[in-house]
Amino acid sequence: MVSQIRPGKSHPLGATINPGGVNFSVFSKNCAGVELLLFDHAEADAPSQVYRLDPAVNRTGYYWHIFVSGAGAGQLYGWRVNGESKPEAGLRFDGEKVLLDPYGRGVAVGKNYSRALAARPGSNAHACMKSVVVDPRAYNWEGDQPLKRPISRTVIYEMHVAGFTRHPNSGVSPEKRGTYAGLIEKIPYLQSLGITAVELLPVFQFDAQDAPPGLVNYWGYSPVSFFAPHAAYSSRKDPLGPVDEFRDMVKALHRARIEVILDVVYNHTTENGADGPTLCFRGLENRAYYMLDPADRSKYINFSGCGNTLKANHSIVRRMIIDSLHHWVQLMHVDGFRFDLASILSRDEHGHPLPNPPLLWDIESDPVLAGTKLIAEAWDVGGLYQVGSFLGDFFMEWNGHFRDDARSFWKGDTGMAIRMANRLLGSPDLYGHEEREPEQSVNFVACHDGFTLNDVVSYNEKHNQANGENNRDGSDYNLSWNCGVEGPTEDPAIEALRNRQVKNFLATVLLSIGVPMIGMGDEVRRTQNGNNNAYGQDNETSWFDWSLLEKHADILEFTKKLIELRLSMSLIQRNEQDSSLNELLRDVSVTWHGTRLNRPDWSEHSHSLALTVSSLSRRHLFHIMLNAYWDALEFELPPAPSPTGWKRILDTWLPSPADISPPDFAPVITGSRYRVQPRSLVVLAARQAAK
């Protein structure tokens with residue numbers, strides 16, 4: 001039985017293992033009293049020990065601390081914080097609620113956990129989440145380190161840890177389906193695909209009960225801890241299992257030369273709005289952690305669309321975010337971060353945009369994070385849209401313009417030729433003025449949020465009835481085209497067109513300047529049956545269906561060869577050097593054409609374009625033709641630079657395996673013209689004479 005206590009220290013925050021016991025420290029400025037609770041196991045109905053902290057002994061400044069002798073790794077604990085409950089003043093202390101430690105490195109969630117109880121008056125000690133004491137250095141990394149792969153040689157695969165292996169046909173043993181361990185078993189598939197980095201949907205501990213009745217929070221954009229890996233993704237049931245199993249996964253991916261990028265949510269928490277549960281931050285120091293309406297501090301400012309917004313540039317929150325990033329890089333070995341709704345991180349404590357936000361500059365200049373991949377989703381629900389103008393020298397950006405313009409071009413919208421040309425070349429209209437590296441743009445056509453790539457070519461409208469909101473949720477702006485029939489069809493002509501459109505999109509992403517990103521299952525035409533907001537669908541709607549590897553083997557093979565082509569041909573990739581996008585475009589010497597050489601058609605009704613571009617190695621010349629028109633078009637070809645002539649390495653009209661070929665085995669194209677079939681993309685290559 002743990003009994004001996006000492007005053008403890010204010011630093012480090014969280015639970016820190018020291019010789020003889022554990023030091024606990026937590027921030028709370030305006031509370032009246034603090035209690036530390038120890039629990040024997042995740043299902044415990046009540047704490048086994050309660051320590052009431054004496055402010056004369058256990059408080060330093062705004063920090064409450066205590067040292068508990070005999071405690072160690074695996075100990076479960078929580079806090080109770082007493083104080084005034086004056087929502088109109090921004091104070092929401094509730095001495096009956098058990099609170100997680102904001103710096104807790106592990107979280108235990110028992111079967112009796114109840115989100116509803118945390119939102120109602122009364123004690124929730126019998127049904128609370130519990131923090132876990134973790135010794136973060138007690139793990140054998142076996143020499144592992146973050147890979148630091150050059151950005152120019154990065155191909156990102158956005159995926160959901162659980163959804164990747166949860167389907168019964170995954171081939172993963174039942175006890176490991178939907179876990180970090182299950183993902184490890186599927187690493188050979190990722191290797192065969194050729195991707196170089198996985199971007200994992202949120203793995204910070206979140207509240208799966210944060211969803212409408214009948215649904216669960218599947219995506220995980222509802223964090224309750226910024227240091228702990230999500231416990232439900234672990235096949236191990238001991239308190240320390242999720243931490244070690246996550247690290248097993250990272251280590252295994254690194255051995256396969258695959259980087260790990262985390263989708264991180266530092267803009268809001270799962271405590272939601274005024275009627276939300278009291279789980280952590282709200283009960284510790286509501287006014288410090290959240291943006292509150294200055295006219296009525298009982299209300300939360302909601303730039304996240306999820307009920308609340310973190311005060312990212314408040315000193316306490318800013319320190320927590322930086323400490324969290326350090327934790328995941330130094331102790332969990334992750335390679336990068338994609339910041340959800342990153343524009344929120346540029347707002348001050350009242351929600352106003354800052355020209356020089358302290359948090360973002362802290363991240364940008366932090367020596368621990370140097371060399372870490374940083375990706376911003378450069379917008380928020382409050383109206384900020386910063387694609388092309390996000391702060392700093394090192395943040396890459398999810399390029400929403402690329403997604404929208406590629407979809408519009410290939411479905412045949414007018415006025416898209418010039419916009420598509422810009423997207424192919426790294427979006428110089430957005431990024432050229434910044435003198436930034438060519439890889440600032442993360443290029444994608446589909447991601448977790450919205451239609452899958454298959455559904456972009458299979459549905460004109462969203463079909464979100466299963467979400468229980470009468471199809472009101474999800475975006476109505478999809479820029480999709482069903483190719484003639486809404487949803488599944490047995491019509492071979494429509495299926496052939498959809499296949500071709502999928503290949504067009506994949507080729508557009510993987511042949512454009514920037515960092516390519518493809519979504520989980522898009523390489524095998526994974527469908528969500530038209531649901532473009534499947535955040536609450538933890539079922540076969542969202543899971544990877546492994547039978548598609550056989551059903552759409554042609555698309556899978558095309559994707560593999562396309563990734564191999566990108567990484568081997570020097571068409572896009574470059575040596576790591578400080579060259580800007582404009583310098584790169586000058587070096588590669590792009591010549592634009594239409595169906596006739598040197599006469600690009602930028603008119604409103606043009607649906608085609610072509611370009612001739614030299615590889616950065618100067619070894620190859622490429623001629624790329626895009627025809628989004630509904631009829632075939634004859635394109636004039638430039639003279640080949642060598643006697644061997646042009647070789648056709650890609651034509652999305654052709655069936656597999658003729659649709660893509662390695663240059664050494666590609667067929668030679670004779671004549672001065674090439675007939676590009678309707679809605680097709682063609683790439684020709686020729687070896688250039690040595691200079």
Side-chain angles (χ1 to χ4, degrees), residues 404-421 423-424 445-446 451 453-460 478-487 489-512 522 525 552 554-555 558-559 562 592-597 599-611 622-637 646 648-661 666-667 669 671-684:
D404 295 347
D405 293 345
R407 290 187 183 190
S408 291
F409 175 80
W410 283 112
K411 79 184 183 76
D413 287 350
T414 59
M416 298 309 303
I418 187 66
R419 296 182 67 86
M420 191 70 256
R423 303 303 154 245
L424 291 171
V445 172
F451 281 150
L453 190 53
N454 175 82
D455 292 358
V456 170
V457 303
S458 303
Y459 294 90
N460 285 348
N478 296 297
L479 297 171
S480 57
W481 177 47
N482 64 21
C483 298
V485 172
E486 188 76 354
T489 180
E490 299 297 325
D491 188 320
I494 292 177
E495 268 298 286
L497 175 56
R498 289 177 177 176
N499 241 29
R500 190 158 71 254
Q501 289 285 73
V502 167
K503 290 192 290 184
N504 289 336
F505 284 127
L506 289 168
T508 302
V509 168
L510 284 157
L511 296 180
S512 296
D522 283 346
R525 290 185 56 183
H552 294 296
D554 55 337
I555 299 295
F558 178 84
T559 306
L562 191 56
W592 289 104
H593 316 280
T595 55
R596 301 185 64 181
L597 288 177
R599 294 182 62 178
D601 182 0
W602 305 124
S603 68
E604 183 76 5
H605 297 285
S606 173
H607 298 284
S608 63
L609 67 153
L611 64 155
F622 298 94
H623 189 67
I624 305 172
M625 296 167 282
L626 295 82
N627 177 17
Y629 195 51
W630 43 87
D631 285 329
L633 296 174
E634 294 280 347
F635 282 77
E636 293 180 350
L637 300 180
W646 291 109
R648 185 188 65 225
I649 60 175
L650 189 152
D651 187 339
T652 60
W653 172 269
L654 298 172
S656 179
D659 50 2
I660 185 168
S661 305
I669 301 301
S672 59
R673 295 173 178 270
Y674 190 93
R675 185 175 177 83
V676 181
Q677 298 296 332
R679 304 189 192 275
S680 299
L681 186 151
V682 176
V683 180
L684 309 180

- After noting the C-alpha distance and the side-chain angles of Asp651 and Tyr674, does the key distance pass the side chain to side chain donor-acceptor pair (under 3.5 Å) rule? CA-CA 11 Å; Asp651 187 339; Tyr674 190 93; 2.6 Å; yes
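- Aromatic ring orientation, His607 versus Tyr629: parallel (interplanar angle below 30°, classes split at 30° and 60°).
- Distance CG/Leu609 to CZ/Arg419: 14.0 Å, rounded to 0.5 Å.
- In this structure, Ser680 contributes its side chain and Val676 its backbone to no donor-acceptor pair below 3.5 Å.
- Under the 4.5 Å side-chain criterion, counting only non-hydrogen atoms from C-beta, Asp455 is not in contact with Ser480.
- For the 3.5 Å distance criterion, the side chains of Arg525 and Asn499 qualify, holding a donor opposite an acceptor.
- Of all heavy-atom pairs between Asp405 and Met420, the closest is O-SD, 4.2 Å.
- Looking at Phe409 and Arg423, their side chains never come closer than 4.5 Å, going by heavy atoms from C-beta outward.
- Trp592 and Ala610 make their closest contact through CE3-O, 3.3 Å (heavy atoms, listed as atom of the first residue, atom of the second, distance).
- Two residues are said to be in side-chain contact when any heavy atoms from C-beta on lie closer than 4.5 Å; Phe622 and Leu511 fail this criterion.
- Checking Val682, Leu684, Asn627 one by one against Phe635, the side-chain contact (heavy atoms from CB on, under 4.5 Å) holds for a single residue, Asn627.
- Within the 3.5 Å criterion, the main-chain N or O of Asn454 finds a donor-acceptor partner in the side chain of Ser458.
- The distance from atom CG of Leu562 to atom CG of Leu510, rounded to the nearest 0.5 Å, is 4.5 Å.
- For the residue pair Asp659 and Lys503, the shortest heavy atom distance occurs at OD2-NZ, 3.2 Å.
- Nearest heavy-atom pair, His605 versus Thr414, reported as atom, atom and distance to 0.1 Å: ND1-CG2, 3.7 Å.
- Atom CG of Leu637 is separated from atom CD1 of Ile669 by 8.5 Å, given to the nearest 0.5 angstrom.
- Two residues are said to be in side-chain contact when any heavy atoms from C-beta on lie closer than 4.5 Å; Val457 and Phe451 fail this criterion.
- Of all heavy-atom pairs spanning Ile494 and Asn482, the tightest one is CG2-O, 4.4 Å.
- Salt bridge Asp601/Arg599: absent, no basic N to carboxylate O contact under 4.0 Å.
- For the pair Leu424 and Thr508, the minimum side-chain heavy-atom distance is below 4.5 Å.
- The OG atom of Ser661 lies 7.0 Å from the CZ atom of Arg648; values are rounded to the nearest 0.5 Å.
- Annotation: the span from Cys483 atom SG to Asn460 atom CG amounts to 9.0 Å, rounded to 0.5 Å.
- For the pair Asp413/Trp481, no side-chain contact is recorded, criterion being any heavy-atom separation below 4.5 Å from C-beta on.
- For CD of Glu634, the number of neighbouring non-hydrogen atoms (other residues, nucleotides, ligands) closer than 6.0 Å is greater than 12.
- Taking every heavy atom of both residues into account, Pro678 and Arg500 meet most closely at O-NE, 3.1 Å.
- Arg596 places no side-chain N or O within donor-acceptor distance of the main-chain N or O of Glu636, the cut-off being under 3.5 Å.
- Atom CD1 of Ile555 sits about 13.0 Å away from atom CZ of Arg498, to the nearest 0.5 Å.
- Judged purely by atom type and a 3.5 angstrom limit, Thr652 has no side-chain atom pairing as donor or acceptor with the backbone of Asn504.
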